[in-house]
Amino acid sequence: VDRFLQSYSLVAQDLPVEQLQHLQELFSSVVEEHTQLLTQVQGTTVPPELEPRLGSLISRFQRYLREARAVCTQSWARFHPLRMVGGCILIASSCLLCYMASELAASSQSFCCSCLLYPLFWGPVGAALLWLVHVFTQEGLDLLLVSSWAAAASQLGFFWHWWGQHLKRARLTGSQPPLASGGLRQRLRAWLGLAFPMGILFFRCGAMFSDSFVVAEARVAPFLLASLVMLLVGKLHWDGRLTVPEGPKQQLLGFSSYRREIWYLLCLVAMLLVCVRLSSFFHQCREEIPQCRPSVFLSPLASLRNTRAKNLFYLLCVALLAGLVFAVQSWLRHYGNLNSSDPLVLFVRWGFPLVVLCIACYWAVASSADDSLGKLQELVQVAVVVFPRAVYGLASVGLLLLLCNPMTVFAKDTRESAGSIVTPYLGVPGSEVDFLHVIPQIYKRMQESQRSRLERGSCKATVAAYGLGSVYSAALVIALTLLGFLLMLLHSERLSFAFLLLFVEAFVLLHIHTCAKGLAGDAELFSVPWYAVISWLLAASQFFYSTGHQPIFPAIHWNAAFVGFHLDHSTNLLPAVLVGANTFASHILFAVGCPLLLLWPFVCEMSNSQRKKPKKESREELQEVEERMMEMRLRESPEEFSTALLRLGLKYLFVLGAQLLACVCAAMILRRHLMVWKVFAPKFLFESLGFVVSSICLLLGISLVMRVDCAVSTWFSQLRLR
């Protein structure tokens with residue numbers, strides 16, 4: 001111990017010099033007494049008269065060890081329990097605020113907005129008062145303490161205002177009769193429906209308190225995701241949403257037939273389970289599991305010595321990128337979002353293939369960089385920098401175009417134009433070629449005029465807008481595709497298969513959510529249920545591990561900091577952003593795509609079987625109008641649309657905060673645990689950074705939807721002026 005303290009003090013200066021000197025003097029005196037005692041002992045037996053001195057010597061050695069441990073503990077294990085408890089209370093109250101605000105927004109939007117304005121006011125006021133106190137008392141300004149008090153003041157303002165309004169409502173409704181049995185039954189059913197997703201979240205948070213579960217979290221998160229989806233199917237069956245009674249006789253006998261949608265739902269669940277199983281092939285190993293072998297997909301193609309295998313994997317990766325572009329363009333073309341000639345649409349048509357070409361060239365050059373010689377080596381070094389920077393530039397251009405004009409709508413005016421009937425013929429007038437040029441144009445013009453009259457007489461439409469029903473989702477899909485290209489560039493080539501699984505699983509989860517919502521006959525079109533939000537976040541946690549990451553420092557992909565750059569970073573900001581984007585790729589994609597949970601049911605337009613069926617003709621007309629509306633139904637009630645976005649963001653933050661709270665409490669309670677610095681502290685750091693990244697990306701995703709909404713409003717206002 002003495003040698004270690006001396007060696008450590010030469011390297012680090014965090015141990016107090018006075019205490020080290022005191023320990024050195026104590027140790028020297030004890031060693032000197034020990035040497036004197038050894039000179040008086042002959043053989044291996046201690047004389048009886050020396051036993052008291054030997055006991056005193058042992059006690060002095062023990063005193064030295066205790067004081068040395070106290071010095072090291074004071075310097076290396078300094079905990080502030082009061083601040084820890086305060087931090088846990090702040091996070092817990094923030095989670096409670098998010099939950100209460102999401103529920104209040106469903107009942108009264110004006111009341112929720114007024115409650116949320118108070119935190120914005122009392123937070124800065126509390127921080128300013130605390131700053132004045134520090135100024136007048138001539139004490140140092142602790143930024144951490146100021147920010148904590150500001151957060152506490154803002155939350156107290158919210159709860160104080162909510163409690164005051166709650167008492168007013170209680171007085172106004174105090175004379176009303178109690179709820180009927182039907183209302184109680186409905187409220188009980190709502191609480192039971194909330195129990196199973198919250199139970200999964202409870203198990204997810206409880207696993208943070210076990211080092212074994214934290215180590216095995218790469219298997220825990222997929223298991224909980226699959227369990228949540230299976231419980232969803234079981235709940236739909238328990239509620240009788242999957243069966244339709246045949247008739248009176250069958251109802252008496254208890255017979256019922258399954259809906260046709262159940263087979264579609266079961267196919268989606270099977271696809272999800274396959275994706276969950278396949279995602280386990282892209283795992284990274286921890287030191288705590290010695291029998292684990294890391295996935296072969298984590299290593300770059302340059303590490304392969306078999307040329308045939310390298311070429312095969314390269315072709316598969318490039319084909320995957322091309323398939324992703326084809327799938328996105330096909331989806332946009334199916335919903336009519338690739339018909340216009342706006343810059344954003346042109347970029348999706350031609351910029352996406354160009355991005356794929358640059359990524360493919362970079363992978364080809366990077367995988368063969370070690371095999372090139374001579375002057376070719378210099379070209380390779382230049383290409384390794386140029387191609388990633390080209391991808392960065394193209395992706396930045398695409399995102400800027402998306403922000404400037406996110407509309408992917410093509411408007412076709414079906415009214416008769418006031419222009420000329422035919423285009424002039426430049427040849428010899430009166431010739432046979434002149435008639436061959438003019439007559440087809442007159443006939444075509446007559447057809448268009450007759451068709452325009454028929455359309456105006458039947459549906460009164462004058463402007464046909466293609467892609468308007470999916471304009472919000474199209475912007476998010478384009479943004480997610482660009483982000484996916486950037487994040488795949490920062491990973492090794494074969495991890496693009498993991499990103500393919502990520503997009504497929506997200507697509508399947510959206511359809512499961514849409515199908516379950518249609519089967520449940522949810523009357524709240526603007527509400528996203530809790531199971532959808534929790535499953536979305538479980539998928540984000542799952543693909544954190546399925547993209548080759550672990551919440552430990554040795555598993556960080558540091559080579560991502562040099563994709564497109566030589567070893568000459570002038571600042572730490574850019575490499576930190578690149579490594580952070582590589583590490584939290586799944587958090588970024590799922591957080592930005594979170595608004596799709598609200599938009600996707602409108603895009604898919606599930607059949608509303610719960611509605612009353614009118615007459616045949618009116619029902620067909622209503623169905624035709626509904627098919628054209630899709631996401632435009634959100635424009636019918638803009639207040640409900642904004643409230644739905646607010647509720648979705650608050651629910652997402654609540655689940656994120658609950659996971660963070662569990663991780664913080666585990667690190668606080670188990671701060672003396674043997675594995676605290678190996679398991680709990682790194683998990684706490686990664687969970688905190690993931691919370692920050694997810695929160696920022698969630699705000700960016702919601703801001704993009706709001707930007708599209710503003711663009712749609714401008715488009716409608718310009719359309720009215722025509």
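Keep in mind that the numbers below use all heavy atoms, side chains included, and drop hydrogens, waters and symmetry copies. Everything quoted here is computed from the prediction, not taken from an experiment.
A heavy-atom distance below 4.5 Å is found between the side chains of R494 and L304. You'll find the side chain of V380 reaches within 4.5 Å of the side chain of V365, heavy atoms only. No side-chain heavy atom of M84 sits under 4.5 Å from any side-chain heavy atom of V664. Counting heavy atoms from C-beta on, the side chains of C292 and R286 never come closer than 4.5 Å. The closest side-chain heavy-atom distance from H587 to F543 is not below 4.5 Å. Taking the side chain as every heavy atom from C-beta outward, V563 and N582 never approach each other to under 4.5 Å. The side-chain heavy atoms of H513 and Y531, taken from C-beta on, include a pair separated by under 4.5 Å. Considering only heavy atoms from C-beta on, M488 stays 4.5 Å or farther from L495 through its side chain.
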**OP:** Tell me, with the steps shown, if C665 and C88 meet disulfide (SG to SG under 2.5 Å).
**Re:** CA-CA 7 Å; C665 290; C88 291; 3.9 Å; no

Subject >> Residues F282, L501; criterion side-chain contact (heavy atoms from CB on, under 4.5 Å); working and verdict >> reply: CA-CA 11 Å; F282 303 94; L501 283 176; 3.7 Å; yes

**OP:** Apply side-chain contact (heavy atoms from CB on, under 4.5 Å) to the pair K683 and F680, showing each step before the final yes or no.
**Re:** CA-CA 5 Å; K683 175 62 179 174; F680 295 108; 5.7 Å; no

Original post:
When you look at L502 and F590, which way does the side-chain contact (heavy atoms from CB on, under 4.5 Å) test go after all the steps?
Top reply: CA-CA 9 Å; L502 186 150; F590 279 96; 3.7 Å; yes

**OP:** Please test Y545 against H283 for ring-ring contact (aromatic ring centres under 6.0 Å, His included), starting from the C-alpha separation and ending with a verdict.
**Re:** CA-CA 6 Å; Y545 296 96; H283 63 275; over 10 Å; no

Original post:
Going through the distances and angles, do I289 and C285 end up as a side-chain contact (heavy atoms from CB on, under 4.5 Å)?
Top reply: CA-CA 7 Å; I289 309 177; C285 292; over 6 Å; no

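By the 6.0 Å contact criterion, CG on L10 is enclosed, its count of non-hydrogen atoms from other residues, nucleotides or ligands being greater than 12. For N306, the CG atom sits in a packed shell: over 12 heavy atoms of surrounding residues, nucleotides or ligands are nearer than 6.0 Å. The local environment of CZ in F223 is sparse, with at most 12 non-hydrogen atoms from other residues, nucleotides or ligands closer than 6.0 Å. Heavy atoms from other residues, nucleotides or ligands lying under 6.0 Å from CE of M675 number more than 12. The number of heavy-atom neighbours closer than 6.0 Å to NE2 of H237, taken from other residues, nucleotides and ligands shown, is 12 or below. Atom CZ of F326 is surrounded by 12 or fewer heavy atoms from other residues, nucleotides or ligands within 6.0 Å. Counting non-hydrogen atoms of other residues, nucleotides and ligands closer than 6.0 Å to CD of Q24 gives a total above 12.
A distance-only check finds a donor-acceptor pair linking the side chain of R671 to the backbone of M668 [under 3.5 Å]. With T583 contributing its side chain and G580 its backbone, the two residues share no donor-acceptor pair below 3.5 Å. In terms of modelled atom types and a separation under 3.5 Å, the side chain of S586 and the main chain of F544 share a donor-acceptor contact. Side-chain N or O atoms of H491 include none that pairs as donor or acceptor with a backbone N or O of A585 at under 3.5 Å. The backbone N or O of Q550 sits nowhere less than 3.5 Å from a side-chain atom of Q284 that would complete a donor-acceptor pair. Under the 3.5 Å distance criterion, the side-chain polar atoms of S295 are matched with a main-chain donor or acceptor of F281. Judged purely by atom type and a 3.5 angstrom limit, R672 has no side-chain atom pairing as donor or acceptor with the backbone of I669.
Here the CZ atom belonging to F485 is positioned 14.0 Å from the CG atom belonging to L490, to the nearest 0.5 angstrom. Note that the CD atom of Q62 and the CG atom of L57 stand 10.0 Å from one another [nearest 0.5 Å]. In this structure, C594 SG and L476 CG are separated by 10.0 Å, a value rounded to the nearest 0.5 Å. Here L228 contributes atom CG and L538 contributes atom CG; the two are 6.5 Å apart, rounded to the nearest 0.5 Å. A distance of 10.5 Å separates CG in L224 from CG in L231, rounded to the nearest 0.5 Å. The line from CG of D2 to CG of L65 is 10.5 Å long, rounded to the nearest 0.5 Å.
Minimum heavy-atom separation, Y362 to V384: CE1-O, 3.6 Å. The two residues V276 and Q542 make their nearest non-hydrogen contact at CA-NE2, 3.8 Å. Across all non-hydrogen atoms, the minimal contact from Y64 to L5 is OH-CD1, 4.0 Å. Between S75 and P16, the shortest heavy-atom contact is OG-CD, 3.7 Å. The minimum heavy-atom distance linking K310 with L301 is given by the pair CE-O, 3.2 Å. Taking each heavy atom of L90 and S93 in turn, the nearest pair found is O-OG, 2.8 Å.
Side-chain polar atoms of E505 and S279 form no donor-acceptor pair below 3.5 angstrom.
Exactly one of Y652, Y99, F196 qualifies for a ring pair (Phe, Tyr, Trp, His ring centres under 6.0 Å) with W530. That residue is Y99. A side-chain contact (heavy atoms from CB on, under 4.5 Å) with L489 is found for exactly one of S496, P388, C358, namely P388.
Below 30°, between 30° and 60°, or above 60°: for F584 and F686 the angle between ring planes is between 30° and 60°, a tilted geometry.
Listed by first and then second residue, the salt bridge (Lys or Arg N to Asp or Glu O under 4.0 Å) pairs involving residues 64-77 are R63-E67 (not counting sequence neighbours).
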Can you give me every donor-acceptor pair (side chain of residues 197-215, partner residue at least two apart or in another chain, under 3.5 Å) with its distance?
| from | atom 1 | to | atom 2 | distance (Å) |
| --- | --- | --- | --- | --- |
| R204 | NE | Q659 | OE1 | 3.3 |
| R204 | NH1 | E217 | OE2 | 2.2 |
| R204 | NH2 | E217 | OE2 | 3.1 |
| R204 | NH2 | S541 | OG | 3.1 |
| S210 | OG | S212 | N | 3.4 |
| S210 | OG | F213 | N | 3.4 |

